[in-house]
Every structure is written in structure tokens, then in C-alpha cells.
Novice: 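Can you read through this structure? Questions will come right after.
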Amino acid sequence: MASNSGRRRPPESPSPETGRKPLWRRVLRGLTIWGFAFGLLGAIFLGSAVFFTMRQLPDYGSLKSSQNGQMIVVRARDGTELVSLGPSYGKWLDYGQIPTVMKDAMVSVEDRRFRSHIGIDPVGLARAIMVRAESGRFKEGASTITQQLARNIFLNNAKTFGRKGREMILALALERKFTKDQILELYLNKVYFGGGAYGIDAASRKFFGHPATTLSIPEAAIIAGLVKAPSNYAPTADVDAAIARGKVVLSVMVDNGVISPGEASQVDLSDVSIVKEKAQNSVRYFTDWALPQLDLLLPETNEPIEVWTTLDPSLQKAATSAVDNNVPPGTQGALVSMDRDGAVLAMVGGTDYVNSNYNRATSAVRQPGSAWKLFVYLAALEAGYTPDDRVVDEPVTIDGWSPQNSGRSYAGEIDVRTAFAYSKNTVAAQLGNEVGFGTVASMARRFGITTPINTKPAMVLGTSEVRVIDMTRAFAAVSAGGTSVEPYGIVKVTTTSGELLYQHKSVQGQVLVPHYVAAGITDLLQSAVATGTGRAAQIGRPVAGKTGTTSSNKDGWFLGFSSGVTTGVWMGRDDARAVGGLSGGHAPARAFADYMKVAVARRPVEEFDTKLQLPEWQLEPDDEHLQGNPDDYYYTDENGNLVRPQTGGPGGSEPRYDDGSVGPGPGPGAPPPEDNAPPAAADDFLDRATGRRAPDPGLRPGQSVVAPRPVGVRTPVPTLTPVPTATATPRGN
């Protein structure tokens, strides 16, 4: 019987226990495992990122002090705010100082699950994704308050997934490091509300005019509604839009239960008082000049500061009105006013800052015309002239240049005071030629003129271009008795918390000219206003000043001072075209008077010190001093050295001279010299030595030719026979 042990057995069917699972189950299992693995790796990565980010975050104090740009609050001399520049952060409010209604309004409209999420809101994020899937674009944001804070402090507003990822990591790190109250405090003090205002206190002060600690329900609703679109909902930009957005916030607050429907119904947003924007027109000319000086006065800092200035708001308003009311149509005007110590009280750089922010008071350079004669007469007074000295107003030619007076009239022999008061060009030319044109230029430099100065003869009539602020500074130095004055606009700088960063210190000015020179020029300037070309500048109290008009009436000036206030006014066109009827004695002088009546109204009347106390060398000239005792006689040797007699010869009866000789000399009993004795020098020699020339036959009768004098040489004013002219009231420019 055959054995069947070698027969092969058929394969056994797989049992449910040992069979393989369906494919879909295997795929699901694999996805689950890999998903868990990737999720674990992602969690590890996210946790590590949050952990290291949290460790790198600044501490709370550093976050409080960080800010985007520097806030500068500019204040007037009385402490009122002139303008706020850069981002405004207001006062920092601690969590307990922030009104509850403000916190509730912000949480309701921006992040209703703020107290429960971990920095990101999964519910809000899912809703935003669903809206995105349905509409094809994001219609609502999913950023929490914590995310917004992270973006405001550390990131930008770029709409990229990379930025969004970093924002979420930062938000999670912020939630791990700080409490909810700290995060909300940071947010409310740093979020942007439009108009340059960062934080609720800055927004409250800007829009409502009071600190955020006293915010009402309607005010809180308006502020909370600004975060979504500050430029669209700012009350100063669109009141209706701000009110409509505030109603949305009130509705959300009712839904969240922070206020009752009855409270919401009693709120009338239209009754909220909105602060109007302060006018910043002419004030900005001053701030544009003063604020750049902070780079020199302060160390580098980004913290918010308050700058206390010298500007007087009432005088600034008066200055603006004075220029606007007197400037000829189609022209510009500028004004600078200083106190006796150089503090700038008012500054107008043009008729409209919005249309043109070019500061004509500090940047523009224009010819001063006859106002430049200030320096000519200062040099003449320093060289020995007095206001009562006689000069001759006549046609004159200097190095081929023949100046003419306004009206082409000549007054003949007059005193220096009259020549200045009526702005006689020929006399200024003669004085400038005598003292030296370089001397006049040096005098202008001494008094603060910083622009280039030419030394051609015509310079005495103001052909060199100058700035209004420099000319005003020069007249202020005269008002100060010949002592230098330095213009300044910043009194002190503090932080918003009150820490002093800078304090202006008064510096004793340098003596520029002797007191008698300052008194003499003040005498001349006072006469110019009392009886001369500046009569329109009279204000009912002593005023000293000078007009200036350039050729073809392109520029009109008036500069002067009274009761310690010095003011300079310029008018003209930016393109330097002629202006019909413009002269310094008309529109600029009237603008000066209109302003100065306000500027000195509360100051005591001050009489000018015009008393001349001349130095000894003028009171006792050298030629008289050398006369000495009539019994003494003086001779010179062949080298021109003085030979002085010495009392007593060998016998004590004859004078002894410095050369050792002894002789009686022409004593009291000596006979007088003969009448026909030859002159000490011929007339021709004297003409050449003094620069005088005989009349040129080619000149018209009475006109003289004057040769240029060496710089600084004091010689008599050249005069020949005056031109016969009809008597007329002189006019100057």
C-alpha cells in the first residue's frame, strides 16, 4: 500500500487574523503616523521658536520706551503748544489709569476672545479662512490684539505668509512672557490712531483736547473704531465716517455685554466735541529755522521731547497780519523781530507757508539798498565824524562811478544827520570813499553780515546781498549800544516727563564799536524816522530805523528798533522783478509800524541814548595838543624827527634842543616872521598829497572827481564849488 507522505498539501486560505488589511486602511494608518510625526516635529519646532523668541524679547520697561520715530512738541514762550511734529505718543497710562470703557471698547471691536486665546485665535482664524474660500479674498482679519502688538513693535505691514508666521510666533512668545493686562496696556499705549497719534492718550488729546483718563463712552467708541483704518475714520479728516464707525463699536459692545442697550441708546456721537486742527501756517517758518539747531544742542536721542521756544504767539499773529495787510499784490514779505538779548519773538518767511515753505527771512539773499548805509555811517563815526559835522551833497565821481540821489536833487552843504535822514547817496559815497570801502565791509562783518561783500564804490548803496535775519541782527546790536547780539529761538528742551536736556545760557556780547559811535548812529537812525525817509514807521514813541530801496523798486526794506524790540521787514518778488511803487519808506515801514505798535504796547517808553561822549583824541586833536606852551618852540630835523626844546642851557638862560644844540630861538622878544615868507608847501603838492584834482574841463559845472582813498585813511570829505540847484526838499531811498 503506497504511502501518501510525499503528497503536497493545498495552500491554506488566510484567516482573518493573519490576513493583510485593506489598502485604504494602510494609507490612513501611514498618514496618521506621518502626520503625528510631522505634527510632533512642528510642535517641537514651534515650541523651540517660541521659547527662543521669548528669551530674546526685551523686558517690559524696554517695550514701553520703544517707539517709531521721535515726537517733538514745540512750545511757545508762554508754554502753549505751537505744533507737534513726528509721531505723538502722549503720556503713558498704566493699566489701572486706562478707563474701563476704553479697554472694553477696544477688546470688543478688535479681539473679543482676548482673555481666552493663547496669542492667536483659532476660531477667528478658521472663520477668516472660510470667508477666503467663499469669496476668493480675505474680507476680515484674524489678527488678535497680541498679534497687532507684535506687528506694531517688531514687524511691518507687508502682507506675506512669512511675515504672518513671524507675527504668530511673536504673539505666542508675548503671551508666554507677559500677562494679559500688560499686553493690553502696551497695545493701548502704542497702537496708531491716525494723525500721527500713537496711543490712546495722544489720540484723546489730539481729537478731543483732554487726557485719555477722562474718556467718555462715545469718545472711547470713536477712538476704538479708528484702529481698523485710521486715515479713513479720523474725526479731523471725516467726522461723519468717524461717527458711523463709532456706532458699529457701540453695537459690538452691546453684543459683548459690556454696556446695556439702554446705555447705548443714550449715547449721541454727534454731540462729541472735536478739536479743530491748529493753524500751522506762519509758525512753521520759525520751527523750520529753530528745530535743526537741536542737532547741535542735544546728544543723539529718539525719546519724545518738548522744545520751549522764544516765539510769542500774539506777536507772531501781529507780524503775520502786518505783512499780509501791507504787502503789495503779487509780492512776498518777510519779517524778523528780536528782543534785546537776541530772542526771536516773531518770524514770517512768506505770505503763505502752505503754498511756499521757502523761508525768505532766513534763507533768501536780497540787496538791502540804503539800509546798508548803516555800516557806512558807522565806519564814518568811528573814523571821527559826528552827526553835526558838515558835509556837501553834490555830484561826485569815484573811480568812474557817479551816484545820484533820489529825485536827482542836491542840497549843498548840510550836516551828517540830515544826509543820513534823507538818505543822500552822494554823501554816503564820499564817506565810504574816505574811510575806505574795505573798512565799510569790515564793519558789516563785525555786525553779523555773513554773505559775500564786494568792495567796489557802489557797495555803499547796498549792492551786496544780505539776509533779513542778519540785517535785523545788525540793527539789534546798535540797539544794544554797539554790543553783539546772537539770535536764538530755543530756550530749553525737556523730555515729556520733565527731564531737562538743554537750557539756553545768556552770553555777554562783544563790544563792536565804542559807545559814542553807537550813540551817534542811534541819533542818525532816530532822525531818519522823525524827519526823514522813515516817517511812516512812527508809532508814537521813540523809534530809530532806516529805509532801503533797490534799483527799479525790486526790494523794499525797513529795519528799526524801539523799547528793546528790533524788527526787520523786507518785501519784493521772488523772481526779483520790479514792483511798481515799492519803497522802503512805504509798505515795509507801515508793516513795521503795525507790528511794533503791538510788540511794544506793554513795554515802558525808552528814550534813546544819543549823548556823544567823544574820546580824548577827538576832544583834543593832535595839532592843538602839540601847540602846548606858546613859549615852547618845536622843530624837526632833516629826518622829520621832532626836536623839542629843553629848559636851560649851560648857563641856564638859553634853551637846549634834543640834538644837543643851544640857542635863543625866536623867543617872546623875537621879531615876527615876514609876511612874504614862502609857504611850507605849494598848492600843487597839497592837491597831489590829499588826492584833490583840479576840475576836469569835460565835467559839468560844479562836479568833482574824487580819487579812491587808501583803506582806512581819514581825510577830509572832498568838496569843490557846490552845484547851483533850486531849493527843494531832499528825498532819499
Side-chain angles (χ1 to χ4, degrees), residues 57-99 102 149 152-154 178 182-215 223 275 277-278 280 283-284 286-313 343-344 488-507:
L57 286 176
D59 58 29
Y60 192 73
S62 300
L63 290 180
K64 286 177 62 175
S65 61
S66 65
Q67 56 189 18
N68 301 322
Q70 186 180 27
M71 179 195 72
I72 301 177
V73 177
V74 184
R75 299 192 179 279
R77 65 189 299 148
D78 61 0
T80 58
E81 182 177 325
L82 292 175
V83 62
S84 180
L85 305 175
S88 174
Y89 287 87
K91 302 295 183 181
W92 186 275
L93 300 182
D94 295 333
Y95 183 82
Q97 295 177 297
I98 301 173
M102 185 70 249
L149 177 64
N152 289 339
I153 296 179
F154 302 108
F178 304 115
Q182 288 177 318
I183 291 173
L184 188 57
E185 178 185 324
L186 284 170
Y187 179 79
L188 290 174
N189 280 283
K190 284 185 171 293
V191 69
Y192 182 60
F193 292 101
Y198 286 81
I200 57 173
D201 190 63
S204 178
R205 293 174 186 271
K206 180 177 182 60
F207 301 131
F208 309 128
H210 61 76
T213 52
T214 58
L215 283 170
I223 288 181
V275 176
E277 292 265 25
K278 293 182 179 180
Q280 301 176 2
V283 171
R284 291 300 303 274
F286 173 80
T287 58
D288 287 353
W289 168 74
L291 294 184
Q293 301 170 28
L294 293 175
D295 294 337
L296 301 176
L297 302 179
L298 298 179
E300 187 174 351
T301 177
N302 289 324
E303 61 181 323
I305 59 175
E306 294 187 352
V307 181
W308 300 71
T309 69
T310 59
L311 197 75
D312 188 311
V344 175
Y488 71 97
I490 298 176
V491 177
K492 67 177 180 178
V493 181
T494 66
T495 63
T496 53
S497 60
E499 178 186 356
L500 183 64
L501 301 178
Y502 166 79
Q503 179 76 53
H504 175 77
K505 295 181 179 179
S506 299
V507 179

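Atom set for the values below is all heavy atoms of this structure, side chains included, hydrogens, waters and symmetry mates excluded.
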Novice: I need the Ile98 CD1 to Leu188 CG distance, nearest 0.5 Å.
Specialist: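 So the CD1 of Ile98 and the CG of Leu188 are separated by 4.5 Å.
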Novice: For Pro99 and Ala212, which heavy atoms make the closest approach, and how far apart are they?
Specialist: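 Taking Pro99 first and Ala212 second, the nearest heavy atoms are CG-O, 3.2 Å.
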Novice: In the structure I gave you, are the side-chain heavy atoms of Leu294 and Ile305 within less than 4.5 Å of one another anywhere?
Specialist: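 Yes - at least one pair of side-chain heavy atoms lies under 4.5 Å apart.
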Novice: Once the angle between the rings of Tyr198 and Tyr192 is folded into 0 to 90°, is it parallel (under 30°), tilted (30 to 60°) or perpendicular (over 60°)?
Specialist: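 Geometry flag for Tyr192 against Tyr198: tilted rings.
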Novice: If you measure from CG on Leu93 to CG on Asp201, what distance do you get to the nearest 0.5 Å?
Specialist: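 That separation rounds to 5.0 Å.
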Novice: Taking Thr496's backbone N and O only, do any of them form a donor-acceptor pair with Lys91's side chain (distance below 3.5 Å, no angle check)?
Specialist: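 Side chain of Lys91 to backbone of Thr496: a pair is present.
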Novice: Over 60° means perpendicular and under 30° means parallel, so tell me whether His210 and Phe208 are parallel, tilted or perpendicular.
Specialist: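 Aromatic pair His210/Phe208 classed parallel.
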Novice: Can you find a pair of side-chain heavy atoms, one from Leu297 and one from Val493, that are under 4.5 Å apart?
Specialist: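 A side-chain contact is absent here, since even the closest heavy-atom pair is not under 4.5 Å.
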Novice: Over all heavy atoms of both residues, which pair between Trp289 and Gln293 is shortest? Give the atoms and the distance, please.
Specialist: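 Reported closest heavy-atom pair: O-NE2, 3.3 Å.
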Novice: Which residues pass the side chain to side chain contact (heavy atoms under 4.5 Å, CB included) test with Arg77, not counting sequence neighbours?
Specialist: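 Checked Arg77 against side chain to side chain contact (heavy atoms under 4.5 Å, CB included); matches are Asp312, Asp339, Leu345.
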Novice: Measuring from Leu63:CG to Lys190:NZ, what's the distance to the nearest 0.5 Å?
Specialist: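 Answer for the CG-NZ pair, Leu63 versus Lys190, is 7.0 Å.
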Novice: If every non-hydrogen atom of Thr214 is compared with every non-hydrogen atom of Pro211, which pair is closest and at what distance?
Specialist: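 In terms of heavy atoms, the two residues are closest at OG1-O, 3.2 Å.
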Novice: Distance from Gln503 atom CD to Thr494 atom OG1, nearest 0.5 Å?
Specialist: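 The CD atom of Gln503 sits 10.0 Å away from the OG1 atom of Thr494.
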Novice: Distance check, rounded to the nearest 0.5 Å: Ser506 atom OG versus Tyr488 atom OH?
Specialist: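 Answer rounded to 0.5 Å: 5.5 Å.
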Novice: Does Thr310 use its side chain to pair, donor to acceptor, with the backbone of Val344 at less than 3.5 Å?
Specialist: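 Looks like yes, one N/O pair under 3.5 Å.
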Novice: Just wondering, do Val74 and Leu311 contact through their side chains at under 4.5 Å, heavy atoms?
Specialist: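 Not touching, per the 4.5 Å side-chain cut-off.
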Novice: For residues Glu185 and Trp92, determine if any side-chain heavy atom of one lies less than 4.5 Å from a side-chain heavy atom of the other.
Specialist: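 Touching, per the 4.5 Å side-chain cut-off.
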Novice: Could you tell me which non-hydrogen atom of Ala290 sits nearest to which non-hydrogen atom of Ile490, and how far apart they are?
Specialist: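 So the minimum-distance heavy-atom pair works out to O-CD1, 3.5 Å.
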Novice: How close do Pro58 and Phe178 get, counting heavy atoms only, and between which atoms?
Specialist: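 In this case the closest contact between Pro58 and Phe178 is O-CZ, 3.6 Å.
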Novice: Hey, does the side chain of Thr309 reach the backbone of Arg75 with a donor-acceptor pair shorter than 3.5 angstrom?
Specialist: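 Judged by distance alone, yes, a pair lies under 3.5 Å.
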Novice: Taking Asp94 for the side chain and Gly96 for the main chain, is one N or O donor matched with an acceptor at less than 3.5 Å?
Specialist: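 Here the side-chain-to-backbone pair does not exist.
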Novice: Looking at CG of Leu184 and CE of Met102, how far apart are the two atoms once the value is rounded to the nearest 0.5 Å?
Specialist: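 Going from CG on Leu184 over to CE on Met102, the span is 9.0 Å.
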